[in-house]
Amino acid sequence: MNSISIDNKNLNDINSVRETADRLASEKLGDAACLSWHDLETGMNSPNDSNICGDTSDVGQYARSLGAELEVDVNGKYKLYYRNVKDFPFYGKKAPRLQVEDVDQYFA
């Protein structure tokens, strides 16, 4: 996985960090999606559900399991993980429709 570091003290909240990192990832990868992020100082992260990624403090491992291609480190405080979405199975296609009787298996 490639890694990029940004040192810019003006980037001090997750919204400004995401905006900058998203733009940088799109420049590097094309059609990029943020798979996960982690604020090392506060412990906030996404996803923050241990059912999705196990230990929620290791969202990097979760992102790597989804094929992350780029790690963006901002000020040594934020880590964000990206991949090009063109490899996703439904990229450019209409999302599959769930039948009402199938919903329970996804929300059990």
Side-chain angles (χ1 to χ4, degrees):
M1 174 176 8
N2 293 319
S3 183
I4 296 173
S5 293
I6 301 171
D7 289 314
N8 182 337
K9 300 305 176 198
N10 292 323
L11 302 175
N12 55 14
D13 66 85
I14 192 59
N15 293 325
S16 62
V17 166
R18 275 294 305 268
E19 183 179 319
T20 300
D22 287 355
R23 186 174 56 252
L24 181 62
S26 291
E27 289 172 9
K28 298 290 183 186
L29 301 175
D31 206 356
C34 182
L35 301 174
S36 63
W37 60 265
H38 185 67
D39 179 334
L40 300 169
E41 193 172 278
T42 66
M44 292 181 58
N45 56 59
S46 178
N48 66 354
D49 183 345
S50 62
N51 292 320
I52 295 173
C53 61
D55 179 2
T56 59
S57 66
D58 194 5
V59 295
Q61 180 60 36
Y62 167 76
R64 285 186 287 279
S65 75
L66 294 176
E69 301 171 75
L70 178 66
E71 175 188 71
V72 179
D73 180 313
V74 180
N75 299 328
K77 179 181 175 185
Y78 299 94
K79 292 197 182 278
L80 301 93
Y81 300 87
Y82 293 86
R83 76 172 277 183
N84 185 298
V85 296
K86 289 185 178 180
D87 295 332
F88 286 166
F90 297 108
Y91 178 78
K93 298 178 184 168
K94 195 172 184 178
R97 299 196 78 156
L98 292 177
Q99 301 299 318
V100 173
E101 56 272 9
D102 296 332
V103 171
D104 285 342
Q105 71 179 333
Y106 294 100
F107 298 101

*Asks:* Charged N to carboxylate O below 4.0 Å: is that the case for Lys86 and Asp31?
*Replies:*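 The answer is no: the pair does not qualify as a salt bridge.
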*Asks:* Indicate the atoms forming the closest heavy-atom contact of Gly43 with His38, along with that distance.
*Replies:*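 Minimum heavy-atom separation between Gly43 and His38: O-CE1, 3.9 Å.
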*Asks:* Taking all heavy atoms of Asn45 and all of Pro47, pick out the closest pair and write down the distance.
*Replies:*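 The answer is OD1-O, 2.9 Å.
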*Asks:* Starting at CG of Asp22, measure out to SG of Cys34 and round the result to the nearest 0.5 Å.
*Replies:*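 So the CG of Asp22 and the SG of Cys34 are separated by 6.0 Å.
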*Asks:* Which ILVMFWY residues are connected to Leu24, directly or by a chain of links, through side-chain heavy atoms under 4.5 Å apart?
*Replies:*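 ILVMFWY cluster around Leu24 also holds Ile4, Ile6, Leu11, Ile14, Val17, Leu29, Trp37, Met44, Leu70, Val72, Val74, Tyr78, Leu80, Tyr82.
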*Asks:* I'd like to check the side chain to side chain donor-acceptor pair (under 3.5 Å) partners of Asp39; sequence neighbours left out, ordered by chain and number.
*Replies:*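 Partners of Asp39 by the side chain to side chain donor-acceptor pair (under 3.5 Å) criterion, ordered by chain and then number, come out as Thr42.
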*Asks:* Side chains of Asn2 and Lys28: closer than 4.5 Å at any heavy-atom pair?
*Replies:*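 The answer is no, as the side chains (C-beta and beyond) never meet within the 4.5 Å cut-off.
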*Asks:* May I have all residue pairs that pass salt bridge (Lys or Arg N to Asp or Glu O under 4.0 Å) and include part of residues 4-16, sequence neighbours excluded?
*Replies:*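 Checked against salt bridge (Lys or Arg N to Asp or Glu O under 4.0 Å) - neighbours excluded - no pair reaches residues 4-16.
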*Asks:* Please evaluate residues Arg64 and Met1 with respect to the criterion side chain to side chain contact (heavy atoms under 4.5 Å, CB included), reporting the C-alpha separation (whole Å), side-chain torsions for both, the decisive distance (0.1 Å), and the verdict.
*Replies:* CA-CA 8 Å; Arg64 285 186 287 279; Met1 174 176 8; 3.2 Å; yes
*Asks:* Glu41: which residues meet the salt bridge (charged side-chain N to carboxylate O under 4.0 Å, His left out) condition with it, sequence neighbours left out?
*Replies:*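 Salt bridge (charged side-chain N to carboxylate O under 4.0 Å, His left out) list for Glu41, sorted by chain: Lys77.
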*Asks:* Test of understanding: with side chain to side chain donor-acceptor pair (under 3.5 Å), list the residues that count as partners of Arg83, not counting sequence neighbours.
*Replies:*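 Listed in chain order: nothing, the list is empty.
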*Asks:* For the pair Ser36 (side chain) and Val59 (backbone), establish whether a donor and an acceptor sit closer than 3.5 Å, ignoring hydrogens and angles.
*Replies:*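 Indeed, once roles are kept as given, a pair shorter than 3.5 Å links the two residues.
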*Asks:* Check Asn75 against Asn8 and note the closest heavy-atom contact, atom names and distance.
*Replies:*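 Closest approach of Asn75 to Asn8, heavy atoms only: OD1-N, 2.7 Å.
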*Asks:* Side chain to side chain donor-acceptor pair (under 3.5 Å) with Ser3: which residues, sequence neighbours excluded?
*Replies:*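 With sequence neighbours excluded, Ser3 shows a side chain to side chain donor-acceptor pair (under 3.5 Å) to Glu71, given in chain and number order.
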*Asks:* Indicate the atoms forming the closest heavy-atom contact of Ala63 with Tyr81, along with that distance.
*Replies:*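 Ala63 and Tyr81 have their closest heavy atoms at CB-CB, 3.3 Å.
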*Asks:* Say you draw a straight line from CD of Glu69 to CG of Leu35; how long is it, rounded to the nearest 0.5 Å?
*Replies:*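 The CD atom of Glu69 sits 9.0 Å away from the CG atom of Leu35.
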